[in-house]
Amino acid sequence: LLKQVLQAENIDDKRWPARALAMRIDGWKNRGLTPAQVPAGESESFANGKGAALYALYQERLKVLNAVDFGDLLMESLRLFRDNPDVLTDYQRRFKYILVDEYQDTNVAQYLWLRLISQARAPDKQNLCCVGDDDQSVYGWRGAEVENILRFDQDFPGAKVIRLERNYRSTGHILAAASHLISHNDGRLGKTLFTDGGDGDRPTLTGVWDSQEEARVIGEDIEQLHRQGDSLEDIAILVRASFQMREFEERFVEIGLPYRVIGGPRFYERLEIRDALAYLRCVAQPADDLAFERIINTPKRGLGDATLQMLHEYGRRERVPLMQAARVLVESEELRPKPRGALRGLIADFDRWRGLIDAKPQHELAEQVLDESGYTEMWRADKTPEAAGRLDNLKELVRAMEAFPDLAAFLEHVSLVMETDSAADQERVSIMTLHGAKGLEFETVYLPGWEEGLFPSQRTLDEQGRAGLEEERRLAHVGITRARKRAKLYFATNRRIHGSWTTTIPSRFLDELPTANVEITESKGGSGWGGSGGYGTSRFDNVETFGSSYSTPGWQRAQANRARSGGSGFDETGARYDAGSRSGFNRKPMVIEGELIAKSTGTNSEYSPGDRVFHQKFGYGRVSKVDGNKLTIAFEKAGEKKVVDSFVTRV
C-alpha cells in the first residue's frame, strides 16, 4: 500500500523506499502521533519534507480499504476513547483492577491508552498496578519509553512504590557487580538488590588476544564444566551482536560441542548467508539447480516465475541443469527481450566470476561476486532495522573464507557445519543475543566482546547519545544478572571488523565494575595478558588503568595513539572524543598492521631457524629467519610473515 502511495506522489521508491517510510510511520504511531502531530523536523527528513503528508495519504487509503495496520490497533483505540467520552466511561466501569506487566517496555501510545482507561472518576476505581524494572528497559530501538516507569508516581499522584529488592536467582557477588555497574545510570529509580543465597563465586574478567582465542578459551572452559558434571543446558553465551556467534559456532563444530542458537537461525542458516552461499555455489558448481533457483531473481532482475518455469521445463526435457538451460534459451526467442537480456547478463557474470577462481583469493572473489551481482547494494538500500546486521554478517562471511585454501574447501566446510546438528533430546549450550536473553537464567553465563564500539555499540551511541549509552548499560546489567552461579566476562585486544583487524579498547562498562566483586583471570592462551596476568594492582578505576601492566603490542599501540592525540574521554552524550580537538568521536580505527610486524628489540629469541611453531592467527609454520625477537616464519597456509616471538608457541 505504501508503494502505491509513493508511486501516486511520483516519489522515487529507490531513494525513498516504502520499507523506510513504513518504519517511520510505525515509530510515529508508537508515540501516539497522528499525521498532523508529526514534528516538522521529522517530516522533513523523508522525501524532501513529505513524510507527514505521505503518512496522511496512507491513513486515508487505509480508511477507504476499511483496514488497519498494527500501529492502528492502538491509535484507533486512542481515537475512540478521546472522541467518545461515553465509550471511555463504559470501559472505565468495566475494569475495577488493572495490572500491567513489563511496564518499562511500554511505548507512548500504550501509556496514553492506559492513562485514559485507568483515570476513573471514582476514587475506589483508581486501582492500577504496574510491575516492571527500569534497569531492564532495553527495547528503546523498537519504541519502548523508559520514562513511562520513571515518572509513574508523578503521573499517578498518590501511587505507592514497592521495591522488590530480594533476588532469588543470582549470588551476592554477581548482584553486587551488576548493581554497581547500573548505578552509573542517571535515569533510574534506584534499588538495592540482595540475596539470601550467599556470596558465591566472583564474576571473572578475562582478556584474550582476538575473537578466535575468545571462542577457544570459552569452549575449553565449557568442556571443563561439563566434565565436572554441569549440564550444557545450564550454560549460555550471550553476545551483543549476532555476527559474534559465527566464531563460536565454528569452534563448537570443530570440537564436537553441541549447541543451539536461540532467537534466530544459526549463522549459516541466515537468509543473507544462504543467498551469498548460493551465489558462490553457482560459481563453483554450475549444475547446482537449487542454488541457481534461489538467486536467479535476488536481487530483482525481472526474472519471475514464468521465466523459471520455462527453464525447468526445458531442463527436464533435455535433462540438463538450469544454468545450461538458460544458456540455450537466451539464444532463442522463447523468452521476452527484457528477461532474456537479464538472464544473458547473469550467465555472463557467472562465467566471468568462474574464470577468476584460480586467479583471485576466494574471499576477494566472494566480495566481488556480492558487489557486482547487486546483492550487497540491495541490503544497503534496505532501510529496515535488520539490514545493517545482514551487511555485518556478509562481511563476517567474507572474513571467514580467508582461513581456507580455496573456494571448494570453504564450501565443503559449510556443508559439514550445516549437516552437523544435535539430537532433539541432547544437552546443548545456548548461544543468543543479550536482548534475546532477557527473562532467562542459567547456572553459567559467558559474556564475550566487552569492547568499546561493540559493547556499548558505537552505532547506538551515534544515534541516541547519552540515552543510548544508558540503555546499553541496562543491557549489560541484564546480561550479568542472567547468571545464577557464574558470570564470565571477556574482551579481546584485537577484533576483525569490516575486514580490518582493529585494536580494541576494553569497554567502559568494565571500568564501572566494583574491584571487590570481580576476579581478574589470565587467558589460558597466554597471549592476552602482560607479565602480572591482569590489570595491575587489582584496581581498574579508569580506562587507562586497564593498561597498567598490559604489555601486548596491540595495547601499546592503542595507548600510544591516545597519547599522541592528547588522551581521550567521553563527552556528555557518551560518545568518545579526542581531548586535543574535542571535535567529536574519532572514528578512524586503530588498525593492526596486516602482518603484525613489530620492531626488533635486540633481545635474543629462544627460537631458531627450522623450529616448527603455531600462531593464533596464521596457524602452523616453520621459522626461516631470526632477528632479535622478530621471526620470519613460512606459514603453511598464510605464506611468509614476520611476527614477534611472543605471539607463537613451539610445537
Side-chain angles (χ1 to χ4, degrees), residues 204 206 208-270 273-274 277 389 392-393 396-404 409-434 436-437 440 442-450 454 479 482-483 486-492 495-496 523-525 527-528 614 616-617 619:
T204 61
T206 306
V208 295
W209 174 245
D210 60 17
S211 55
Q212 291 178 327
E213 184 185 344
E214 185 179 61
R216 179 179 61 78
V217 169
I218 290 177
E220 291 174 356
D221 200 67
I222 291 174
E223 288 184 311
Q224 179 64 24
L225 288 176
H226 193 42
R227 284 192 292 269
Q228 294 172 358
D230 285 43
S231 170
L232 296 181
E233 294 290 324
D234 291 329
I235 298 173
I237 299 172
L238 310 183
V239 300
R240 177 60 184 88
S242 60
F243 77 83
Q244 293 174 258
M245 295 181 182
R246 188 199 64 80
E247 209 80 67
F248 293 101
E249 291 188 54
E250 299 217 343
R251 178 64 184 171
F252 292 173
V253 168
E254 183 180 335
I255 64 178
L257 185 65
Y259 74 92
R260 67 165 67 86
V261 173
I262 295 180
R266 299 191 297 178
F267 183 81
Y268 288 111
E269 294 173 348
R270 299 176 189 276
I273 300 302
R274 283 184 174 272
L277 291 173
D392 286 342
N393 288 337
E396 180 67 13
L397 174 71
V398 171
R399 187 197 76 73
M401 297 178 69
E402 294 183 30
F404 296 86
F410 172 71
L411 292 174
E412 183 178 348
H413 166 77
V414 172
S415 297
L416 174 64
V417 173
M418 297 282 277
E419 291 172 4
T420 302
D421 198 5
S422 305
D425 58 348
Q426 185 178 10
E427 291 182 9
R428 287 180 282 182
V429 176
S430 298
I431 306 176
M432 69 189 82
T433 63
L434 285 159
L440 303 179
F442 303 88
E443 294 290 297
T444 304
V445 169
Y446 293 88
L447 299 158
W450 283 48
L454 177 56
R482 297 311 91 197
R486 307 178 196 91
K488 297 172 179 270
L489 287 67
Y490 295 80
F491 71 89
R495 193 172 295 276
R496 192 149 197 182
S523 165
K524 295 178 181 178
S527 59
F614 176 78
Q616 282 291 327
K617 177 183 176 186

Closest approach of Arg251 to Ala215 (non-hydrogen atoms, all atoms of both residues): CG-O, 3.8 Å
Minimum heavy-atom distance Phe442-Asp234, with the two atoms named: CB-O, 3.5 Å
Minimum heavy-atom distance Glu249-Phe267, with the two atoms named: OE2-N, 2.8 Å
4.5 Å side-chain heavy-atom contact, Gln244 and Leu454: yes
Glu247 with Arg399: basic N within carboxylate O range, under 4.0 Å: yes
Heavy-atom side-chain proximity of Met432 to Leu440 below 4.5 angstrom: yes
Check: Trp450 and Arg240 side chains under 4.5 Å, non-hydrogen atoms: no
Flag side-chain contact, heavy atom, 4.5 Å: Leu397 against Asn393: no
Atom pair CD (Glu396) and OG (Ser211), whose distance is rounded to the nearest 0.5 Å: 7.0 Å
Closest non-hydrogen atom pair, Glu233 against Arg428: OE2-N, 3.0 Å
Euclidean distance, Glu427 CD relative to His226 NE2, rounded to 0.5 Å: 5.5 Å
Sole candidate of Phe491, Tyr490, Tyr446 that passes side-chain contact (heavy atoms from CB on, under 4.5 Å) when paired with Thr206: Tyr490
Distance-minimising heavy-atom pair for Pro448 and Ile218: CB-CD1, 4.1 Å
Minimum heavy-atom distance between Ala437 and Leu238, given as atom pair plus value: CB-CD2, 3.7 Å
Leu257 vs Leu232 side-chain heavy atoms within contact, under 4.5 Å: yes
Test item: Glu214 side-chain N/O and Gly449 main-chain N/O as donor-acceptor pair under 3.5 Å: yes
Validation row: Ile222, Ile237 side chains within 4.5 angstrom (heavy atoms): yes
Electrostatic pair Arg486-Asp221, nearest N-O below 4.0 angstrom: no
Over 12 non-hydrogen atoms of neighbours within 6.0 angstrom of CD in Glu223: yes
Residue pair Phe404 / Leu411, side-chain heavy-atom distance below 4.5 Å: no
Check: Arg270 and Met245 side chains under 4.5 Å, non-hydrogen atoms: yes
